[in-house]
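Report on the following structure.
Below, chain A is the first sequence line, B the second, and so on; all start at residue 1.
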There are 2 protein chains.
Amino acid sequence: MKAFTIGQLGDRTGVNVETIRYYEKIGLLPEPARSAAGYRQYGDDHLRRLHFIRRGRDLGFSIEAIRALLRLATHPDYPCQDADRLAAEHLAEVERKIAELERLRHALGEMVNCRAHTVAECRIIDALAS
Amino acid sequence: MKAFTIGQLGDRTGVNVETIRYYEKIGLLPEPARSAAGYRQYGDDHLRRLHFIRRGRDLGFSIEAIRALLRLATHPDYPCQDADRLAAEHLAEVERKIAELERLRHALGEMVNCRAHTVAECRIIDALAS
DNA sequence: CTTGACCCTGTAGTGACTACAGGGTCCATG
DNA sequence: CATGGACCCTGTAGTCACTACAGGGTCAAG
C-alpha cells in the first residue's frame, strides 16, 4: 500500500502540481483517495495514467485527443484504427504548422540584418508599412 | 472627407470587425471619430495602421512586438537597430518552433500506419503507455 | 514549539481573438 | 410611410492548456 502525494506524483512524471489538479478537474485523471487531512493519495494506476498523458502532451496531442486515446488504451480489444486516425490527423496538423512556419522563416530571413541607419530606410518597417 | 465604417475597414484590410474593436480596446488602433449615431468613422491613417498590424500578425509577430514596431514606424529618425532586433528575435523563435515540430513529426511518423488489429498490439497506444 | 516545506480550495490571469445577447441605425423597396 | 435586412453599438463570456496567486491547513525535523 505505497501511496504518494501530489508532489511526489509530480516529481515522478515531470508534471506540475497545479497541472495535476487541473487534469483532475477536467476529468482526465480520476479523483484519488484522500488522507484524513484531505491530502490526495495516488497509486500506480494514477502514475501510469499521468505518464501516458504526459507523453501525449509531449507529442503535441490536444487534451481531447488524449482523452480519446486513454479511452482506447483501457479497451485492449478495440480496433487500433481509431488510434491511428488520431495520430495521422495530428501528424497532418503538425506538417501544416511546419509549412506555415517555414513560410514565416523565409519572409523574416529576407527582412533581418537590415543595415540601414534609421527607421526611414529600414526594410523591416518598410515591409510592414507598404 | 471620405470616412468609412468599421465593416468597410474590415473588408479593405481582411481584419474581422470584432478584431478591429479588440485592437481599439487594447490601444493598438486609436479611437476614431464617431458619427451622430455613434458609428466609428475611419480615415486613411487608420487604414494604413491596420494594414501594418495585419502584415505583422501574418508574419507571426506578437501584439506587443507590433506595438513596438508601430512606435518605431512613426519615428523615421529612430535607429533601425531596434526593429532589426525584434525581427531577429522573432525569427529565432520561429526556428525554435520549427525544430520542435520537426521532432514531433519524426516521432509521429514512426507511429502512424499501425497495422495492428486491436489496441492491445497498437504501437501508438504502446508508445504512450510504456 | 517553531520553522519551512508541503498540501488544500477557489478564483483570476495569460494571448489573441471569437461569439454571442440585446439593443440601435441606415437605406432601399413596396 | 412602413418594413426588412444588413449593418452598427456595448458588454460579457468562451476558447486552450495551463499558471499564479490568496488565504488558509498539515506534517516532520530540529
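Note on ring orientation: taking the six-membered ring where Trp is involved, the planes of His46(A) and Tyr42(A) are perpendicular (angle over 60°, cut-offs 30° and 60°).
Applying the ring-ring contact (aromatic ring centres under 6.0 Å, His included) criterion to His117(A), with sequence neighbours excluded, gives no partner residue.
Mapping Arg57(B) and Ser35(B) onto DNA chain C via the closest heavy atom, the residue that lands nearer the 5' end is Arg57(B). Annotation: of the two residues near DNA chain D, Arg40(B) and Phe61(A), the 5′-most nearest-nucleotide partner is Arg40(B).
Tyr39(B) and Val15(B) are not part of a single hydrophobic cluster, where members link through side-chain heavy atoms under 4.5 Å apart.
Here the C1' atom of nucleotide dT15(D) and the OH atom of Tyr22(A) are 10 Å apart, to the nearest Å. Between Ile53(A) atom CD1 and dC18(D) atom P the separation is 10 Å, expressed in whole Å. In this structure, Phe4(B) atom CZ and dC7(D) atom P are separated by 17 Å, rounded to whole Å. Between Glu93(A) atom CD and dC16(D) atom C1' there is a gap of 14 Å when expressed in whole angstrom units. Whole-Å rounding puts the Arg21(B) CZ to dA13(D) C1' distance at 16 Å. Rounded to an integer number of Å, the gap from CZ of Arg54(A) to P of dA17(D) is 15 Å. To the nearest angstrom, P of dA17(D) lies 10 Å from CG of Leu28(A).
Checking side-chain atoms of Asp84(B) against main-chain N and O of Cys114(A) turns up a donor-acceptor pair under 3.5 Å. Side-chain atoms of Arg49(B) come within 3.5 Å of backbone atoms of Leu28(B) as a donor-acceptor pair (strictly under, hydrogens ignored).
Here Ile6(A) lies in heavy-atom contact (under 4.0 Å) with sugar-phosphate atoms only.
Atom CZ of residue Arg105(A) and atom CD1 of residue Ile98(A) lie 10.0 Å apart, to the nearest 0.5 angstrom. Atom-to-atom distance recorded for Asp126(B):CG and Glu121(B):CD is 10.5 Å, nearest 0.5 angstrom.
Boundaries of the chain A contact region on DNA chain C are dC6(C) to dT11(C), first to last in 5' to 3' order (nucleotide atom under 4.0 Å from a heavy atom).
For Tyr39(B), counting side-chain heavy atoms from C-beta on, the closest listed nucleotide (dC27(D), dC18(D), dC7(D)) is dC7(D).
Under 4.0 angstrom from either OP1 or OP2 of dT19(D) there lies at least one side-chain N or O belonging to Asn16(A).
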